[in-house]
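Working notes, structure below.
Note that the structure is predicted; figures quoted are calculated from it, not measured. A, B, ... follow the sequence lines: proteins, then strands. Residue 1 opens every chain.
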Amino acid sequence: MSEERKSLNFIEQIIEEDLVNGMSKNSLRFRFPPEPNGYLHIGHTKAIGISFGLGEYYDAPVNLRFDDTNPAKEEQEYVDAIKKDVAWLGYKWDKELFSSDYFQQLYDWAVYLIKEGKAYVDSQSSEAMAEQKGTPTQAGVDGPYRNRTIEENLDLFERMKAGEFDEGEHILRAKIDMQHVNMLMRDPIMYRVLKKHHHRTANDWCIYPMYDWTHGESDYIEQISHSLCSLEFKPHRELYDWFLDQVVDPSKLRPKQREFARLNLSYTIMSKRKLLKLVEDGIVNGWDDPRMPTISGLRRRGYTPNAIRKFVETVGVAKRENIIDVSLLEFCIREDLNKTAPRVMVVLNPVKVVITNYPEGKVEWMNAENNQEDESAGYRKVPFSRELFIEKEDFKEEAGNKFFRLKLGSEVRLKNAYIIKAESVVKDTDGNITEIHCTYSEDTERRIKGTLHWVSIAHAVKAEVREYDRLFSDEAPDSHQDKDFMDFINPNSLKTIQAYVEPSLEEAKTGDRFQFQRLGYFNVDDDSTSNQLVFNKTVGLRDAWAKVKPKNNQNSNQQKQPQQNNRSAIDQIKSYGKKYDRMPEDKQVKAKAEIQELAKKVNYDEVEPLFNTSVKKSGTRIITMITLGVLLNNGLEKNEAINEFITKALDDKNALLVEEAKALS
RNA sequence: UGGCCUAUGGUGUAACUGGCAACACGUUGGUUUUUGGUACCAAAGAGUCUAGGUUCGAGCCCUAGUAGGCCAACCA
C-alpha cells in the first residue's frame with residue numbers, strides 16, 4: 001500500500017504527540033461550548049468542524065456544552081437554535097450539557113479556594129478595582145480588601161449567595177498576583193452578584209461564576225482532553241491552568257487548552273453583537289435572513305450542510321489571521337449543487353418570442369433531462385408552444401460574433417426543443433422591443449453555438465424570485481478604526497423579481513433546490529405558499545460571458561499585448577533575475593542575450609538600487625551585473641558604488657556571479 | 001511603554017528528523033458540451049517579511065529588527 005501520508009494540522013499533531021506519549025485513545029474527548037446569546041454563524045462552523053471533526057476522526061465523544069453563566073444575555077430560544085444548527089450540519093454530540101449544571105460544584109470549589117486563602121471577597125466599586133488593576137504596561141496594586149480573613153471571606157461569600165447583597169456590592173476574586181504581566185492573572189473575578197432569572201436554574205442562584213472560573217473546571221468535570229478555542233483566548237490559558245492547579249486530582253485527566261485562528265469571511269461580519277444590530281435595526285429580516293452569515297441564514301439561502309463542511313475542511317486550521325474569500329464558499333456550494341440539483345427552466349426578465357411557422361394552439365411536451373450529472377435523476381416533460389418567453393439579455397438586433405445568443409437573421413437552439421431563427425422585431429412607440437418574430441426548424445441535429453432557456457407563455461407559472469447581493473460594500477467592514485461597519489451597508493442587497501417558471505415547479509416544496517439553467521442555483525423559500533412560489537437565489541453559475549462583456553464595449557482585442565510591453569525594461573530584467581541561476585544553461589544564454597538587449601533601455605539610476613540586493617538573491621545580482629556591463633560598455637563611468645558591488649561579487653560563493661563580475665573588473 | 005502570538009503566490013493551507021516550495025480557490029488560455037455551466041488539459045503567479053548567523057545545504061534552527069493581531073468588561 002503506497003498510502004500518501006496526509007499532512008496534519010497543528011492540533012492534530014498535538015494530539016498525535018499526546019497519543020505517542022502515552023495518552024490513551026479512549027480518553028480523547030472534545031467539546032463545542034457556545035454561549036446561548038445569539039445564533040451560530042459561519043465562523044462557528046470552523047470551531048464546530050474542528051472539534052466534531054476530531055471526534056469523528058478519532059471516534060471520540062464530543063459534548064455540546066452551553067456556556068450559560070450570564071443570565072443577562074442568554075435565552076432558551078438561542079439554545080434551541082444552536083442545537084438545530086449543529087444537528088443540521090450533520091454532527092452528533094455525545095452529551096448535551098450546560099455550565100449551569102456545575103454551579104453547585106463550582107461553588108463548593110470556590111469555598112475551598114477561600115479556605116485555602118486563594119480567593120477573597122472584594123467590596124469596592126468596579127472603577128476602583130479597574131484603577132488598581134493597572135495597564136498592560138504598568139503593574140497593578142493590591143486593593144484594601146485583599147487580606148481579609150478567611151472567616152470574613154467565607155461569611156461574606158455565603159451571604160452573597162444568600163442574596164443579602166445587591167449587584168455590584170461584593171464580588172469574589174482569586175488571589176493571584178496584582179503585579180502579574182498577564183492582566184488576567186491580576187486577581188480575576190470569579191463570582192458576581194446577578195439578580196437575574198436564569199433560563200435553566202431560574203432563581204436558584206443570585207451569584208454567577210465568570211467564564212474563566214467556569215470553563216476550565218467544566219472541561220475538567222467532563223474530562224475533556226483537548227479544549228480548543230480561538231486565538232483571542234490565548235492569554236486566558238495561564239489562568240485556565242492556574243484554576244485547574246487548584247482543584248485537579250493528579251490521577252484524573254487534565255484538560256489542555258489550545259488555540260487556533262478564527263475564520264473571517266470577506267464582505268461580511270462575524271460578531272454576534274453586530275449581527276444582532278442588523279436584526280434589531282431591520283437591515284435584515286431576522287437571524288435567518290438569507291443575506292446573513294448565520295448558519296440559519298445560509299440554510300434558508302439554500303446552502304447544504306455538505307457544502308459548508310467541505311468549506312470548513314478546505315479552509316484549514318492554523319494560527320495566523322486570515323480573511324477567506326467568499327468565492328471559496330461559493331465554489332463549495334456550486335460543487336455540491338451541481339451534482340444534486342435538478343435543472344429547470346425559468347425566465348427572470350422576459351421578452352416575448354412568437355414562432356410564426358408554428359401552429360397556433362399546438363402544444364408539444366418535450367423531454368427534458370433533469371440532471372446530466374446524475375443519470376438516476378431521470379426526465380420530465382416541458383410544454384412548447386408558439387409563444388414563448390426568453391431572457392431580454394439573450395436577444396440583440398445586432399451583435400458581434402462573440403455573442404452566441406439570438407440576433408436578427410441568425411439561429412440559436414432552444415434547450416430541449418427546436419432551433420429558431422430571428423426574423424424581425426415588433427417595437428412599441430418608445431422603441432422597446434415587445435416581440436421577436438422567429439421561425440423554427442425541426443432539424444435539431446445541427447451544430448449550433450448558442451443554446452437558450454425558455455418557457456411557454458401559456459403554461460408558465462409566475463413566481464417571486466429574490467436575488468441577493470453582498471450585505472457590505474467593503475471587504476472587511478468591521479476592521480476600520482475610523483469607520484463603523486454600518487457605514488458600509490449595501491442598500492441594494494435584496495432585489496425582488498417576478499419570474500416565469502416552467503409548470504413542473506408548481507410541485508416544488510419549501511427547501512427544494514434547483515438549478516435554473518444558465519442562471520444559477522435557487523431554492524424554495526420558507527415564505528412560499530401554495531398559490532405563491534418564492535425562490536431564493538443561492539448562488540449564480542460561474543459566468544465566463546459576464547467577464548467578456550465589459551471588454552466588448554470598449555474595443556475587444558487589444559488588451560493584452562500592450563500591457564506586456566508597458567512593463568519597463570528594468571522590471572523585465574528583474575523578472576529574469578528571479579530564475580536566472582536556476583535555469584538550464586541553454587536558456588541562460590538566451591536570457592542573457594535578452595537582458596543585454598533590454599539593458600540598452602535602462603539608465604543607471606534604475607540599476608544602482610539593485611546593488612543592495614541581498615546576498616541570497618544571487619540571480620538578481622547576476623542580472624544586475626550583466627545590465628551594468630552593458631551600461632559600462634556604452635560609456636558609463638565607474639564610481640565607488642559600482643566598484644564596491646563588483647568587488648563584493650568577486651568574493652561571492654556563486655560561480656556565475658563571480659564570472660560576470662570578472663568580466664567587468 | 002510591557003507580555004504573548006503570527007509572518008510562505010491574489011486568497012487559504014501544506015512542505016515528515018534542515019534536502020528540487022506543493023494542493024485548493026481565484027486568474028488566463030485551450031478541448032468537450034443542447035447550460036458562456038460541468039468535466040478535462042495547460043499556463044501564469046512565491047526566491048518563503050528584512051538583515052545577519054549556524055550548515056555542504058535553511059521556508060524550517062539561532063540573533064536582531066520590521067509589520068500585523070491579542071491582552072486593562074462584575075461579557076464569553
Side-chain angles (χ1 to χ4, degrees), chain A residues 5 7-9 33-35 37 67-70 72-74 122 125-126 129-131 133-140 167-168 170-173 180-184 186 189 191-194 208 210-212 214-215 229 231-238 259 261 266 272-273 314-325 327-332 334-335 338-339 343 345 369 372-373 402-405 413-417 419 444 447-453 515-520 540-549 560 577-579 581-582 614-620:
Chain A
R5 182 200 163 117
S7 67
L8 304 174
N9 67 46
E35 182 189 11
N37 68 339
D67 217 343
D68 56 349
T69 57
N70 184 4
K73 290 205 265 174
E74 296 150 7
D122 200 337
S125 67
S126 59
M129 282 171 46
E131 183 104 355
K133 203 161 190 181
T135 68
T137 56
Q138 193 184 329
E167 291 182 13
H170 304 283
I171 49 115
L172 185 74
R173 306 176 76 170
H180 205 285
V181 280
N182 184 347
M183 297 284 294
L184 287 157
R186 322 241 257 233
I189 295 172
Y191 274 95
R192 76 285 214 196
V193 173
L194 238 36
Y208 290 92
M210 300 287 288
Y211 165 84
D212 287 297
T214 309
H215 206 93
C229 60
L231 234 34
E232 66 267 32
F233 289 96
K234 179 71 211 280
H236 293 251
R237 184 149 120 196
E238 200 170 9
E259 310 83 9
S266 62
K272 280 193 213 170
R273 202 193 84 236
T314 312
V315 150
V317 181
K319 287 208 263 191
R320 58 176 152 162
E321 299 288 317
N322 57 74
I323 300 181
I324 283 127
D325 205 302
S327 65
L328 183 62
L329 219 207
E330 292 179 347
F331 166 78
C332 292
R334 282 192 194 107
E335 189 188 39
N338 176 49
K339 295 190 200 109
R343 319 285 135 131
M345 292 198 287
E369 197 174 7
Q372 42 279 87
E373 306 292 320
K402 277 198 177 169
F403 185 78
F404 305 155
R405 310 179 181 190
R413 183 188 301 278
L414 292 179
K415 180 87 188 167
N416 306 315
I419 290 169
T444 58
R447 259 183 81 96
I448 290 283
K449 187 72 185 166
T451 302
L452 306 185
H453 62 275
Q515 186 196 94
F516 290 3
Q517 281 199 308
R518 303 210 302 134
L519 297 174
L541 258 26
R542 275 186 66 211
D543 188 358
W545 171 238
K547 285 166 196 156
V548 242
K549 250 190 316 191
K560 247 187 177 165
K578 290 184 183 178
K579 306 169 187 162
D581 55 344
R582 290 190 299 196
S614 81
V615 181
K616 275 204 287 208
K617 300 178 184 174
S618 39
T620 303

Item to check | Minimum side-chain heavy-atom gap A:His180-A:Asn182 below 4.5 Å | outcome: yes
Item to check | Nearest to side-chain heavy atoms of A:Asp67, which nucleotide of B:A76, B:U11, B:U35 | outcome: B:A76
Checklist outcome for this item: 5'-most contact on RNA chain B (nearest-nucleotide basis), A:Thr314 vs A:Phe516, goes to A:Thr314
Checklist entry - Are any of the side-chain heavy atoms of A:His453 and A:Asn416 separated by less than 4.5 Å? => result no
Checklist outcome for this item: Heavy-atom nearest pair, A:Asp122 first then A:Arg173, reads OD2-NH1, 2.8 Å
Checklist entry - At under 4.0 Å, does any side-chain N or O of A:Thr444 touch on OP1 or OP2 of B:U34? => result no
Next on the checklist: With rounding to the closest Å, how many angstrom separate the C1' atoms on B:U6 and B:A43?
Outcome noted: 33 Å
Checklist outcome for this item: Considering only heavy side-chain atoms of A:Asn338, the closest of B:C71, B:G37, B:A15 is B:G37
Next on the checklist: So if I take every side-chain heavy atom of A:Pro136 and compare against B:U6, B:C25, B:C71, which nucleotide ends up nearest?
Outcome noted: B:C71
Item to check | Protein-nucleotide distance (A:Gln372, atom CD; B:A39, atom P), rounded to Å | outcome: 13 Å
Next on the checklist: So, does A:Arg192 get its side chain near the phosphate of B:C75, meaning an N or O under 4.0 Å from OP1 or OP2?
Outcome noted: yes
Checklist entry - To the nearest angstrom, how far is A:Leu184 atom CG from B:C74 atom P? => result 11 Å
Next on the checklist: Work out how far the C1' atom of B:G3 is from that of B:C20, and round it to whole angstrom.
Outcome noted: 41 Å
Checklist entry - To the nearest Å, how far apart are A:Glu330 CD and B:U27 P? => result 11 Å
Checklist entry - Hey, is the main chain of A:Arg518 close enough, under 3.5 Å, to the side chain of A:Arg343 for a donor-acceptor pair? => result no
Next on the checklist: On RNA chain B, compare the nucleotides closest to A:Asn182 and A:Glu35; which residue's is nearer the 5' end?
Outcome noted: A:Asn182
Next on the checklist: Base of B:G37, side chain of A:Glu373 - is there a donor-acceptor contact under 3.5 Å?
Outcome noted: yes
Checklist entry - Taking only side-chain nitrogens and oxygens of A:Arg447, does any of them come within less than 4.0 Å of OP1 or OP2 of B:U33? => result yes
Item to check | Among B:U11, B:C75, B:A76, the one nearest A:Asp325 by side-chain distance | outcome: B:U11
Next on the checklist: Measuring only the C1' atom in each nucleotide, how far is B:A44 from B:G26? A whole number of Å is fine.
Outcome noted: 13 Å
Checklist entry - What does A:Lys415 touch in the nucleic acid at a heavy-atom separation under 4.0 angstrom: a base, only the sugar-phosphate, or nothing? => result base
Item to check | Atom pair distance, as rounded to whole Å: CD in A:Glu321 and P in B:C4 | outcome: 18 Å
Next on the checklist: Looking at every heavy atom in both A:His215 and A:Asp67, which two are closest together, and how far apart are they?
Outcome noted: ND1-OD2, 3.0 Å
Item to check | Dot-bracket summary - RNA chain B, pairs being Watson-Crick or G-U whose distances fall under 3.5 Å, with | when paired to another strand | outcome: .((((((..((((.....[..)))).(((((.......))))).....(((((..]....))))))))))).....
Checklist entry - Touch check for A:Ser126, heavy atoms < 4.0 angstrom, all strands: base, sugar-phosphate only, or nothing? => result base
Next on the checklist: Stacking between A:Phe404 and B:G36, defined as ring centres under 5.5 angstrom apart with planes under 30°, is that present or not?
Outcome noted: yes
Checklist entry - Tell me, do A:Asn70 and A:Glu35 make a side-chain contact under 4.5 Å, heavy atoms counted? => result yes
Item to check | Salt-bridge contact A:Glu259-A:Lys319 (side-chain N to carboxylate O under 4.0 Å) | outcome: no
Item to check | Spacing of the P atoms in B:A58 and B:G12 (rounded, Å) | outcome: 27 Å
Checklist entry - Does A:Lys234 make a side-chain N or O approach to OP1 or OP2 of B:G69 shorter than 4.0 Å? => result no
Checklist entry - Nearest to the side chain of A:Asn70, which nucleotide is it out of B:C75, B:C74, B:U35? => result B:C75
Checklist entry - From B:A72, B:C4, B:G12, pick the nucleotide closest to the side chain of A:Lys133? => result B:A72
Checklist entry - For the base of B:U38, is there a side-chain donor-acceptor partner from A:Arg334 under 3.5 Å away? => result no
Checklist entry - From the list B:G12, B:A14, B:U11, which nucleotide is the closest neighbour of the side chain of A:Asn322? => result B:G12
Next on the checklist: Between B:U38 and B:A76, how far apart are the two P atoms, rounded to whole Å?
Outcome noted: 47 Å
Next on the checklist: Mind checking if A:Leu519 touches a base, just sugar-phosphate, or nothing, with heavy atoms under 4.0 Å?
Outcome noted: nothing
Checklist entry - What does A:Arg542 touch in the nucleic acid at a heavy-atom separation under 4.0 angstrom: a base, only the sugar-phosphate, or nothing? => result sugar-phosphate
Next on the checklist: Applying a 4.0 Å non-hydrogen cut-off, can you work out what A:Tyr208 is touching in the nucleic acid: base, sugar-phosphate, or nothing?
Outcome noted: nothing
Checklist entry - Where the side chain of A:Met183 is defined as all heavy atoms beyond and including C-beta, which of B:A72, B:G37, B:U11 is the nearest nucleotide? => result B:A72
Checklist entry - Hey, is the side chain of A:Gln138 pairing donor to acceptor with the base of B:U1 inside 3.5 Å? => result no
Checklist entry - Starting at OH of A:Tyr191 and ending at C1' of B:C75, how long is that distance when rounded to a whole Å? => result 17 Å
Checklist entry - With no angle test and no hydrogens, is the base of B:G36 tied to the side chain of A:Arg405 by a donor-acceptor pair under 3.5 Å? => result yes
Item to check | Side-chain heavy-atom pair A:Phe403, A:Trp545 within 4.5 angstrom cut-off | outcome: yes
Checklist entry - Taking atom C1' in both B:G9 and B:A14, what distance in whole Å separates the two? => result 13 Å
Checklist entry - Which nucleotide in the set B:A76, B:G36, B:A14 lies at the smallest distance from any side-chain heavy atom of A:Asn9? => result B:A14
Checklist entry - When the P atoms of B:C62 and B:U28 are considered, how many whole Å apart are they? => result 42 Å
Checklist entry - Do the ring planes of A:Tyr211 and A:Phe233 sit parallel (below 30°), tilted (30 to 60°) or perpendicular (above 60°)? => result tilted
Next on the checklist: Starting the side chain at C-beta, find the nucleotide from B:G36, B:U27, B:U35 nearest to A:Gln515.
Outcome noted: B:U35
Checklist entry - Which value, in whole Å, describes the distance between the P atoms of nucleotides B:G59 and B:U31? => result 40 Å
